[in-house]
Amino acid sequence: MRIATWNVNSIRARLPRLQEWLGARQPDVLCVQETKCTDDEFPEQEVREMGYEVAFHGQKTYNGVALLSKHPISNVIRGFPGDGEEARFISGRIRDVQIASVYVINGETVGSEKYARKLEWLKKLRDHLNKTCAADVPWMLAGDFNITFDDRDVYDPAKWHERIFCTTRERDALKAIVDLGCRDALRKYHHRNGIYTWFDFRTGGYQRGQGLRIDHVLVSTPLFKALRDVEVDLAERGAEKPSDHAPVIATLALD
DNA sequence: ATGGTAGTTTGACTA
């Protein structure tokens, strides 16, 4: 089973790219972030026509998350207590794995009100996972965490030292989630620096090779041994009218 | 140096 995550930066603006990408890559599951539409505006028909079941949790203009799956989705959870009523979390059970699509608050700048909210939100997410992740059900978190794990995920660590996405407090909050009992899937296979999932439009980051790895697939410990491969689809980031994020695809060997 | 682009929405916000 192949599970992907992709911050599409508006599912309506990205629909042509999404259709082409799903057709070409055919993942079993796609966790989507930044759909940027209310549930009644979600292009549900178009997604179903690609052969996918869908569960979404959206709002006007900002945020919005969804699960696309070739297999049935059950036990759907939209949001969690203390999430600030923003549409940033949805999870569902697919082939006996509870899979979440997560869009962590950006945080703007260190010390801002949004930065404080980001850290609070991450605590609430941890609380939610601690309560809902049953020991006997394998689980995964996939999404845009807006946090780098370490300086290998940063194109210029000196420039980004203790800046947003790279602060010790953000990284500790991410580690606290990992400590619930999961692992960073990509690092099972790839240990080098320079693997990025996001490139800033404004600075022409992609063309300059200046990116960050802030999109992650976290796999619960019992499921980690079933992991077979993880890849970042950089070609998609280089396409016409791309999102600013590249998709990440994880392959699992389930029974 | 506080820029630069993109999306939503049509002025200003979020990223």
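Treat the numbers as computed from the prediction; the structure is a model and nothing was measured. Chain A is the first sequence line, chain B the second, and so forth, proteins listed ahead of strands; every chain is numbered from 1.
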For [X] and [N], give me the distance from atom [atom1] to atom [atom2], rounded to whole Å.
{"X": "A:E108", "N": "B:dA12", "atom1": "CD", "atom2": "P", "answer": "17 Å"}
{"X": "A:N146", "N": "B:dT14", "atom1": "CG", "atom2": "C1'", "answer": "11 Å"}
{"X": "A:I164", "N": "B:dT14", "atom1": "CD1", "atom2": "C1'", "answer": "13 Å"}
{"X": "A:Y103", "N": "B:dA15", "atom1": "OH", "atom2": "C1'", "answer": "6 Å"}
{"X": "A:H245", "N": "B:dA15", "atom1": "NE2", "atom2": "P", "answer": "10 Å"}
{"X": "A:D215", "N": "B:dA15", "atom1": "CG", "atom2": "P", "answer": "14 Å"}
{"X": "A:F42", "N": "B:dT8", "atom1": "CZ", "atom2": "P", "answer": "14 Å"}
{"X": "A:I105", "N": "B:dT14", "atom1": "CD1", "atom2": "P", "answer": "12 Å"}

Rounded to the nearest 0.5 Å, how far does CD of A:E46 lie from CG of A:L18? 10.0 Å
Salt-bridge test for A:R169 and A:D172: reply yes if a basic N is under 4.0 Å from a carboxylate O, no otherwise.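 Salt bridge: no.
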Pairwise 5' ranking along DNA chain B for A:E41 and A:N106, keeping only the more 5' one: A:E41
With a 6.0 Å cut-off on the ring centroids, do A:F80 and A:W121 count as close? yes
Can you tell me how the ring of A:W21 sits relative to the ring of A:W6, calling it parallel under 30°, perpendicular over 60° and tilted otherwise? tilted
According to the interplanar angle, ranging from 0 to 90°, do the rings of A:H216 and A:F149 count as parallel (below 30°), tilted (30 to 60°) or perpendicular (above 60°)?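 Aromatic pair A:H216/A:F149 classed perpendicular.
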Side chain to side chain contact (heavy atoms under 4.5 Å, CB included) involving A:K70 - partner list, sequence neighbours excluded: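 A:K70: side chain to side chain contact (heavy atoms under 4.5 Å, CB included) contacts with A:Q26, A:Y52.
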If I pick the P atom on B:dA1 and the same atom on B:dA15, what distance separates them, to the nearest angstrom? 26 Å
I'd like a table of atom pairs between the protein and nucleotides 1-7 of chain B - only N or O on both sides, under 3.5 Å - with the distance next to each one.
unit_1	atom_1	unit_2	atom_2	d
B:dT5	O4'	A:F201	O	3.4
B:dG7	OP1	A:R14	NH1	3.1
B:dG7	OP1	A:R14	NH2	3.2
B:dG7	OP2	A:K241	NZ	3.2
B:dG7	O3'	A:S10	OG	3.2

Classify A:F165 by what it touches in the nucleic acid, base, sugar-phosphate, or nothing, heavy-atom distance under 4.0 Å.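 Nothing, no heavy atom under 4.0 Å.
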If you look at every strand shown and take non-hydrogen atoms under 4.0 Å, does A:R117 touch a base, only sugar-phosphate, or nothing?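 The answer is nothing, as A:R117 stays clear of every strand by at least 4.0 Å.
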Option passing side chain to side chain donor-acceptor pair (under 3.5 Å) with A:S91 (candidates A:Q98, A:H57, A:H128): A:Q98
